[in-house]
Amino acid sequence: MNPSRPHLFGVLAGVFLAAGLAFASMTLANAWTRIAESQVINVTGSAHKNVHSDLVLWRASVAVEAPTLLDAQENLRSDAARLGEFLHAHGFNDYNFAPPQIQELLAKRHHKEDDTTENVRVGYQLTQAVTVHSSEVERLAQLVGNSGELIQQGVNISSDGLTYIYTRAGDAKVEMMADATRDARSRAEQIAAQGGRRVKELRSARMGVVQINPIYSGATSAEGNNDTSTSEKTITATVSATFALQ
């Protein structure tokens, strides 16, 4: 056995150990350098606001049927007038009628002679849509509930429901961005304090998608929800913020 081989192994082990320590020192130094160069904290803040819709739309339509187009037009004119009188009587004057839609009514006629069938026009159906606008949200909703009065008068009316809108959503978003940014700073300060640091200035802020949902709902979507089904809504805004640390 070569007596110099154990000595050679010892030298190599020492070299590897020294190299490992040097590499570890370099890695640690680089890590501290990255930390020193990135003295920021990234947080997300949020803000919530409950609002009441200040505009409501009611979409409905009246429909009539008659053997001739002239009769159908006369009937539709009469029913639309009754609907207008109904709205005026309850103090709603902001509405508009869409142009009537005309559809032929067809029936199949069977010919015994040659056992064939054909479509025969037996009349016309005319439908006219109306949209009512109002800032009196509750009162218009109550009127829709009483629209059965028109049916009792022989008016064939169908309701497409109510659309509730909060017209000041744009202003609310600006206000809530400031609130969400303050919330982000508060969160950043709490996190930084745990590490013995302090928050300095705001470096950047990016507003997330705003969600408008039925009140107290937490539903989200990538495009942003815009609920129109309820009068009471919750607006939620988020801000991704970056703060400098000291």
Side-chain angles (χ1 to χ4, degrees), residues 27 30-60 92 94-96 98 129-142 144 159-246:
T27 302
N30 289 336
W32 280 109
T33 300
R34 287 194 298 271
I35 294 173
E37 292 176 351
S38 181
Q39 299 290 348
V40 296
I41 184 171
N42 301 307
V43 294
T44 298
S46 64
H48 306 272
K49 183 176 184 178
N50 295 333
V51 299
H52 183 76
S53 299
D54 54 1
L55 176 65
V56 62
L57 309 181
W58 179 37
R59 293 183 175 90
F92 294 98
D94 187 6
Y95 62 88
N96 60 280
V130 62
T131 302
V132 185
H133 306 73
S134 180
S135 59
E136 298 184 74
V137 177
E138 289 82 6
R139 209 163 71 81
L140 183 55
Q142 183 179 8
V144 173
S159 175
D160 294 334
L162 293 164
T163 299
Y164 296 94
I165 301 170
Y166 182 63
T167 61
R168 298 191 293 274
D171 296 335
K173 291 176 183 178
V174 175
E175 173 188 339
M176 294 175 67
M177 183 174 181
D179 292 340
T181 303
R182 284 191 288 270
D183 180 61
R185 184 178 185 92
S186 176
R187 296 186 185 197
E189 289 173 344
Q190 294 178 25
I191 296 172
Q194 300 301 314
R197 307 291 298 277
R198 295 179 60 189
V199 173
K200 293 171 64 179
E201 74 276 1
L202 174 68
R203 290 284 182 86
S204 65
R206 181 172 59 85
M207 191 170 188
V209 177
V210 176
Q211 311 288 342
I212 303 179
N213 290 314
I215 193 165
Y216 304 127
S217 170
T220 61
S221 72
E223 299 79 16
N225 293 328
N226 185 19
D227 172 70
T228 59
S229 65
T230 58
S231 59
E232 302 291 335
K233 308 177 189 297
T234 296
I235 304 178
T236 303
T238 59
V239 168
S240 298
T242 300
F243 295 93
L245 293 175
Q246 64 180 14

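By convention here, the first residue in the shown sequence is residue 1. The analysis underlying the following values was restricted to heavy atoms, covering all of them including side chains, and did not include hydrogens, waters or symmetry mates.
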Under the rule for side-chain hydrogen bond (donor to acceptor under 3.5 Å, both in side chains), what residues qualify as partners of Thr228, not counting sequence neighbours? none

Between atom CD1 of Ile41 and atom CD1 of Ile191, what is the distance when rounded to the nearest 0.5 Å? 4.5 Å

When every non-hydrogen atom of Ala184 is compared with those of Val43, the smallest separation belongs to O-CG2, 3.2 Å

Could you tell me if the side chain of Ser46 sits less than 4.5 Å from the side chain of Thr238, heavy atoms only? yes

Between atom OG of Ser240 and atom CG of Asn42, what is the distance when rounded to the nearest 0.5 Å? 8.5 Å

Might you point out which heavy atoms bring His133 and Leu57 nearest each other, and give the distance in Å? CD2-CD2, 3.0 Å

Working to the nearest 0.5 Å, report the span between OG1 of Thr242 and CD of Glu201. 11.5 Å

Rounding to 0.5 Å, atoms CG (Asp227) and OG1 (Thr163) come to a distance of 10.0 Å

Run the side chain to side chain contact (heavy atoms under 4.5 Å, CB included) test against Ile215 and tell me which residues pass, sequence neighbours left out. Asn50, Glu232, Thr234

Mark yes or no for whether Asn225, through its side chain, and Asn213, through its backbone, hold a donor-acceptor pair below 3.5 Å. no

Shortest non-hydrogen contact between Val210 and Ala237, atoms and distance: CG2-CB, 4.4 Å

Smallest separation among heavy atoms of Ala241 and Leu202, with atom names: CB-CD1, 3.8 Å

Minimum heavy-atom separation for Gln190 to Gln194, with atom names? O-CG, 3.3 Å

Spell out, as yes or no, whether a donor-acceptor pair under 3.5 Å connects the side chain of Lys49 to the backbone of Glu175. no

Assess, by modelled atom type and distance only, whether the side chains of Thr131 and Asn96 contain a donor and an acceptor separated by less than 3.5 Å. no

Atom CZ of Phe92 and atom CD of Glu136: how far apart are they, to the nearest 0.5 Å? 5.5 Å

Given Ser135 and Asp54, is the side-chain hydrogen bond (donor to acceptor under 3.5 Å, both in side chains) satisfied, shown in steps? CA-CA 5 Å; Ser135 59; Asp54 54 1; over 6 Å; no

For Arg203 and Phe243, indicate whether the former's side chain and the latter's backbone hold a donor-acceptor pair under 3.5 Å. no

Arg139 atom CZ, neighbour heavy-atom count above 12 within 6.0 Å: yes

Can you tell me if Ser53 uses its side chain to pair, donor with acceptor, with the backbone of Leu55 under 3.5 Å? no

Separation between OH (Tyr166) and CG (Asn226), nearest 0.5 Å, reads 13.0 Å

Residue pairs passing the salt bridge (Lys or Arg N to Asp or Glu O under 4.0 Å) test with at least one member in residues 181-191, sequence neighbours excluded, are Asp179-Arg182, Asp183-Arg187, Arg185-Glu189

Can you find a heavy atom in the side chain of Leu245 that is under 4.5 Å from one in the side chain of Val199? yes

Tell me if a side-chain donor or acceptor on Gln211 pairs with a main-chain N or O of Ser221 at a distance below 3.5 Å. yes

Smallest separation among heavy atoms of Val137 and Ser231, with atom names: CG1-CB, 4.1 Å

